[in-house]
Each structure stands twice: as C-alpha cells, then as structure tokens.
J.: 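The structure under discussion is supplied below as structure tokens; questions concerning it will follow.
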Amino acid sequence: MEKFNKGFVYFICAVSAMGGLLFGYDWVVIGGAKPFYEVFFGIASSPEKQGLAMSIALAGCLVGAMVSGSLADRLGRRPLLLASAVIFLISAYGTGAFDSFDAFLCARFVGGIAIGIASGLSPMYIAEVAPSHIRGRLVALNQLTIVLGILGAQVVNYLIAEPMPAGTTVPDPASWNVLRGWRWMFWSASFPAAAFIILVFFIPESPRWLAMKGDTAKASSILDNIGGSEYARAELAAVKAGEERAKKEKQGGLKTLFSRPFRMVLILGIVIAVFQQWSGTNVIFNYAQEIFSDAGYDLGEMLFNIVLTGIVNVIFTIVAVYTVDRLGRKKLMLIGAGGLAVIYAVLGTCYYMHVTGFFMVILVVAAIACYAMTLGPVAWVLIAEIFPNRVRATGVATCTFALWVGSFSLTYTFPLLNASLGSYGTFWIYAAICALGFFFFAKRLPETKGKSLEELEKELVND
C-alpha cells in the first residue's frame with residue numbers, strides 16, 4: 001500500500017472529478033435563479049413552463065449520456081472530459097445572455113449535454129485509474145465535488161442576490177435581481193469551467209482504455225506511476241485476461257451489453273440509477289422555493305435555507321467518502337433507502353397537518369444528510385464498478401441515461417404533483433418509492449467493496 005503514488009492518484013482523480021463539480025454547479029445554480037428569471041420571462045404562473053425550464057437541461061443530459069459511451073470507447077476518456085468542459089463554458093455564457101425564453105431553454109439544453117457526458121465519464125475514469133482498495137473512496141470523491149459544486153452555486157446565488165424586504169414571496173419585476181442578478185448566477189459557472197479546461201491537459205488517459213486499444217507500453221507507464229512496476233504488471237495481466245474472455249464472446253457495444261450474460265447486471269445498474277433520482281431528494285435543490293414557501297418561509301429566508309442544505313450536503317458527503325470502503329456499498333444503500341422512507345413519511349405528515357417553522361427545515365436537512373452519505377455517492381460508485389471492462393463505457397452510459405430519464409421525470413412532475421396532491425401527497429409518494437427500493441436492495445444488491453473490477457466481473461456476469 002505504501003508503494004502507491006497517492007499524490008499522483010489523488011490529483012488525476014480530483015481533476016477528473018471537476019466534471020462532477022461543474023455538473024453540481026450547473027444543475028443547481030438554476031434553483032437560486034428560478035424566482036427571478038420566472039418573473040423576467042413571465043412564466044411565474046405557469047407550472048408547465050416552470051417545469052420545462054427546470055427540466056430542459058435534463059433532456060440534454062439524456063443526449064450527453066447517450067453519446068458518451070460510444071465516444072468514450074472511440075476517442076478515449078480524457079478528450080471527452082475536455083469536450084464537456086468546453087460545452088459547460090459555452091452554456092454558462094449563453095444561458096445568462098439571452099433575453100428570449102426559447103433561447104434560454106436552448107442554452108440550458110446544451111449545458112445538459114455537458115452534464116450528461118461528465119456525470120458518467122468522471123466516475124468511470126476514476127474507477128479505471130484507482131487502486132481497488134481505495135476505489136470506493138475515490139469514486140465517492142466525484143460525488144464530493146458534485147456537492148461542492150452545489151454548495152458553490154448556492155453560496156454564489158446568495159451573494160449575488162440583492163437583499164429583499166421581509167415577507168417578499170414574489171420579486172419586484174424592476175429589481176436588479178430580476179433584470180440582471182439571475183444572469184450573473186449563470187455566468188458564474190464559466191470560472192470553474194475554464195479551470196477544468198486547463199487542468200484536463202495535466203491528467204493522463206485511462207490506462208485500461210489504452211490497454212484495451214493495444215497501447216500497453218503507455219498503459220504500463222501510467223500504471224507504473226500509480227503503483228510501481230509490480231502493480232502495473234498485475235493490472236495489465238488482469239485486463240488481458242478480461243480481453244481474452246471477451247474474444248470468446250460476441251462483441252458489439254449495446255448488443256453485447258443487452259445479451260444474456262450481462263442482462264442482470266444491466267438491470268441492477270439501471271435500477272440503482274433511476275432509484276437515486278426517484279428517491280426524491282434532488283427536488284429540494286431545484287424547487288426549494290416551493291418547499292420552503294409551503295413550510296412558511298419568505299424568499300429571502302429561502303435563499304439562506306438553500307445554503308444551509310448545501311453545507312449539510314457537503315459535510316455528510318465527506319462522511320460517505322470515509323465510510324464507503326469501510327461499511328460497504330450495500331449497507332449504505334439500505335440505510336439511505338430506509339432512512340429516507342421514514343423521513344419523507346414524517347415530512348409528508350407534517351405538511352398535511354400544516355406544520356411550519358424550523359422543525360420543517362430540520363426534516364429537510366435530515367433528508368439531505370441521509371441522501372448525501374448514502375444514495376448520492378454510493379449509486380455512482382456502484383454504476384462505475386459493476387460493469388466489465390469491455391462494456392463499462394456503454395454500461396455506464398446506459399445507466400447514466402436511465403438516471404437522467406429518472407431525473408427528468410422527477411423534476412418535470414414535481415410542480416404538477418405539488419399542485420394537484422400538495423406537498424404532503426408528493427412526499428408520501430417518495431416515501432413509498434424509497435420503501436420499495438429498500439426491499440429490492442436487501443434482496444438483489446451484492447457487496448462490491450474491496451474487490452477488483454475483474455473479480456466483480458466473475459461474480460456478476462452470468463457466462
């Protein structure tokens with residue numbers, strides 16, 4: 001263990017994880033801008049247009065996730081990380097620059113493509129370069145950068161927004177927040193995007209991708225830099241053994257992935273991905289205005305409460321980084337699903353009984369904490385590590401696509417559910433979904449901690 005070049009490993013994983021930081025920043029920055037651009041574009045009284053504005057980026061995510069697998073196999077992991085950073089930068093400028101609602105939607109859609117690429121590619125790259133004994137921790141690092149991006153966007157939104165009079169629920173159309181403030185919220189994402197573009201040039205290509213493409217000399221050099229010559233020989237031998245097994249079977253990307261040997265692992269990955277979104281926690285970030293308004297808070301207090309949830313999100317994601325390789329993936333997924341089922345049931349009951357005030361904030365924060373140390377990071381860890389080398393890019397891309405389908409449906413339906421069922425009915429639905437997830441994972445999810453990617457292939461693939 002002492003032989004591992006920890007500084008090098010942590011650096012390349014941290015740079016790759018900046019894709020997660022931009023994903024979190026771009027995904028959540030809209031939550032703080034929402035009350036202001038809705039007034040600017042005149043959509044504050046239209047739940048359908050509100051849902052479209054919030055979810056259009058997720059439609060872009062579907063496109064990004066769809067193309068990332070084949071492009072990552074064809075071009076490599078690093079060029080695609082660079083492409084996602086460039087797209088982030090273009091989208092950040094465009095979203096804040098346009099005066100037309102349709103153009104605004106187009107810019108958000110383009111930003112979603114970058115999110116779709118980065119969200120699956122960053123954890124996949126980390127899983128391929130990380131030594132197995134710290135792989136869970138390093139893939140969870142990607143989730144840490146996601147929540148740091150979320151917190152960064154929340155803090156920046158809070159600092160950019162001009163103070164509003166107490167009791168304000170709808171901003172003044174002539175205020176700076178409505179005319180300019182929301183634009184600067186989106187433009188602020190250009191700074192981390194530019195940093196990512198620069199730093200990507202300082203990380204190597206994935207050694208597993210290089211080995212699969214036949215460039216064993218370069219792959220060996222990178223692996224030697226990670227863990228020494230013995231480690232490099234062992235890793236290349238494992239990759240070669242996997243490739244020998246692959247030669248005996250049919251190849252063909254999606255065709256291979258959907259074939260009988262991989263069917264069960266694919267179903268497991270898709271369920272993990274969709275459940276992470278349908279567990280409901282992410283609506284708190286995107287629809288904080290409605291959630292805290294129903295709990296009795298005005299617009300100014302809402303922005304502060306958002307920052308509070310972001311701080312809790314970061315703290316408990318750090319907890320996850322240090323527990324995912326100790327407690328294991330399965331145990332954390334069960335804690336997350338069971339804990340959220342209970343919290344949402346109580347939260348829904350409180351909304352039903354018209355409870356308001358600080359106790360409601362405590363319940364929301366508890367939900368964020370539970371999600372941040374379990375489902376948020378662990379789902380990405382599992383998706384990145386359960387697929388064999390020969391179908392990993394396609395498998396991760398397929399699961400990421402499924403995740404964004406889940407996210408799109410969750411984000412688009414929340415304002416409709418909230419308007420028709422109320423907050424209590426909506427959170428009771430999320431509680432039921434979490435309960436079902438608990439029983440599924442208890443029965444079907446294997447433990448993956450401490451196992452090499454090649455060992456997991458032998459265990460999970462039905463040859």
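The figures here come from the full heavy-atom set of this structure, side chains too, leaving out hydrogens, waters and symmetry mates. When a residue number appears, it is its place in the shown sequence, counting from 1. Please read these numbers as outputs of a predicted model, since none were measured by experiment.
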J.: Just by distance, do the side chain of S55 and the backbone of Y412 share a donor-acceptor pair under 3.5 Å?
T.: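 No: the side chain of S55 does not pair with the backbone of Y412.
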J.: Do F414 and T426 have side chains that get closer than 4.5 Å, going by heavy atoms?
T.: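 Yes, side chains in contact.
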J.: How long is the gap from CG on L22 to CD1 on I117, to the nearest 0.5 Å?
T.: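 That separation rounds to 12.5 Å.
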J.: Write down the atom of Y424, the atom of G348, and the distance for their closest heavy-atom approach.
T.: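 Reported closest heavy-atom pair: CB-O, 2.9 Å.
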J.: Do E205 and P79 have side chains that get closer than 4.5 Å, going by heavy atoms?
T.: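 E205 reaches P79 side chain to side chain.
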J.: Please determine which of V28, V314, I146 meets the side-chain contact (heavy atoms from CB on, under 4.5 Å) test together with L151.
T.: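 Among V28, V314, I146, the one meeting side-chain contact (heavy atoms from CB on, under 4.5 Å) with L151 is V314.
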J.: Looking at every non-hydrogen atom in both residues, tell me the closest pair between N313 and A372 and how far apart they are.
T.: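 Smallest interatomic distance, heavy atoms only, reads OD1-CB, 3.2 Å.
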J.: Between the main-chain N or O of V396 and the side-chain N or O of T400, is there a donor-acceptor pair closer than 3.5 Å?
T.: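 Looks like yes, one N/O pair under 3.5 Å.
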J.: Look up atom CE in M373 and atom OG1 in T323, then write down how far apart they are to the nearest 0.5 Å.
T.: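 So the gap between those two atoms works out to 5.0 Å.
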J.: Quick check against the 3.5 Å criterion: does R77 have a side-chain atom that pairs as donor or acceptor with the backbone of A72?
T.: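 Looks like yes, one N/O pair under 3.5 Å.
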J.: What distance separates D99 CG from R183 CZ, expressed to the nearest 0.5 Å?
T.: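 CZ of R183 is found 4.5 Å from CG of D99.
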J.: Side-chain contact, heavy-atom cut-off 4.5 Å: Y25 with V156?
T.: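 Sidechains of V156 and Y25: in contact.
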J.: Begin from the C-alpha positions of W278 and Y344 and carry the test ring-ring contact (aromatic ring centres under 6.0 Å, His included) through to its verdict.
T.: CA-CA 12 Å; W278 281 7; Y344 288 154; over 10 Å; no
J.: For the residue pair A85 and A193, what are the closest heavy atoms and their distance?
T.: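 In this case the closest contact between A85 and A193 is O-CB, 4.0 Å.
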J.: Side chains of I203 and F11: closer than 4.5 Å at any heavy-atom pair?
T.: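 A side-chain contact under 4.5 Å exists here.
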J.: Decide, yes or no, whether a salt bridge links D73 with R392 under the criterion of side-chain N to carboxylate O below 4.0 Å.
T.: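 Result for this pair is no, no salt bridge flagged.
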J.: Taking atom CG of L403 and atom CG of L62, what is their separation to the nearest 0.5 Å?
T.: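 Output value for this atom pair is 10.0 Å.
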J.: So Q276 and Y371, do their side chains get closer than 4.5 Å, heavy atoms only?
T.: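 Y371 vs Q276: side chains touch.
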J.: Taking side chain as C-beta onward, heavy atoms only, is L121 less than 4.5 Å from S84?
T.: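 The answer is no, as the side chains (C-beta and beyond) never meet within the 4.5 Å cut-off.
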J.: Return yes if some donor-acceptor pair links the side-chain N/O of E128 with the main-chain N/O of P207 below 3.5 Å, else return no.
T.: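 The answer is no, because no donor-acceptor pair under 3.5 Å joins these two groups.
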J.: Write down the atom of F196, the atom of L81, and the distance for their closest heavy-atom approach.
T.: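 Heavy atoms only, the tightest pair is CE2-O, 3.7 Å.
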J.: Does F440 have more than 12 heavy atoms from other residues, nucleotides or ligands lying within 6.0 Å of its CZ?
T.: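 Check passes, neighbour count above 12.
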J.: Taking C-beta and beyond as the side chain, do N177 and P171 meet within less than 4.5 Å on heavy atoms?
T.: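 A side-chain contact under 4.5 Å is absent here.
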J.: Measure the CG-CD distance between L308 and Q154 for me, rounded to the nearest 0.5 Å.
T.: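 Between L308 CG and Q154 CD, I get 9.5 Å after rounding to 0.5 Å.
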J.: Parallel, tilted or perpendicular for F427 and Y351, by the 30°/60° rule?
T.: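 Plane angle under 30°, so parallel.
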J.: Kindly check if the number of other-residue, nucleotide or ligand heavy atoms within 6.0 Å of OH (Y322) is above 12?
T.: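 Check fails, neighbour count at 12 or below.
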J.: Let's go through S407 and L58 carefully: what are the C-alpha distance in whole Å and the side-chain angles of both, what is the deciding distance for side chain to side chain contact (heavy atoms under 4.5 Å, CB included) to 0.1 Å, and is it a yes or a no?
T.: CA-CA 7 Å; S407 187; L58 302 176; 3.4 Å; yes
J.: Would you mind reporting whether C350 and L363 have side-chain heavy atoms less than 4.5 Å apart?
T.: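 L363 reaches C350 side chain to side chain.
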J.: Looking only at heavy atoms, what is the nearest atom pair of F262 and P388, with distance?
T.: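 Closest approach of F262 to P388: CE2-CG, 3.6 Å.
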J.: First locate atom OG of S188, then atom CD1 of I160, and finally report the distance between them rounded to the nearest 0.5 Å.
T.: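 Atom-to-atom, S188:OG and I160:CD1 are 5.0 Å apart.
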J.: Apply the ring pair (Phe, Tyr, Trp, His ring centres under 6.0 Å) test between F186 and each candidate in F104, F98, F88; give the one that qualifies.
T.: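 So, applying the ring pair (Phe, Tyr, Trp, His ring centres under 6.0 Å) to F186 and each of F104, F98, F88, only F104 qualifies.
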J.: Should we count CH2 of W187 as having more than 12 external heavy atoms under 6.0 Å?
T.: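 For W187, atom CH2 is crowded (more than 12 foreign heavy atoms under 6.0 Å).
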J.: Would the number of heavy atoms belonging to other residues, nucleotides or ligands and lying under 6.0 Å from CH2 of W428 be above 12?
T.: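 Counting other residues, nucleotides and ligands, CH2 of W428 exceeds 12 neighbours.
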J.: Check for a donor-acceptor pair, side chain of S175 on one end and backbone N or O of D172 on the other, with a separation under 3.5 Å.
T.: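 Between the backbone of D172 and the side chain of S175 there is a qualifying donor-acceptor contact (under 3.5 Å).
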J.: Mark yes or no for whether W380, through its side chain, and S122, through its backbone, hold a donor-acceptor pair below 3.5 Å.
T.: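 Absent.
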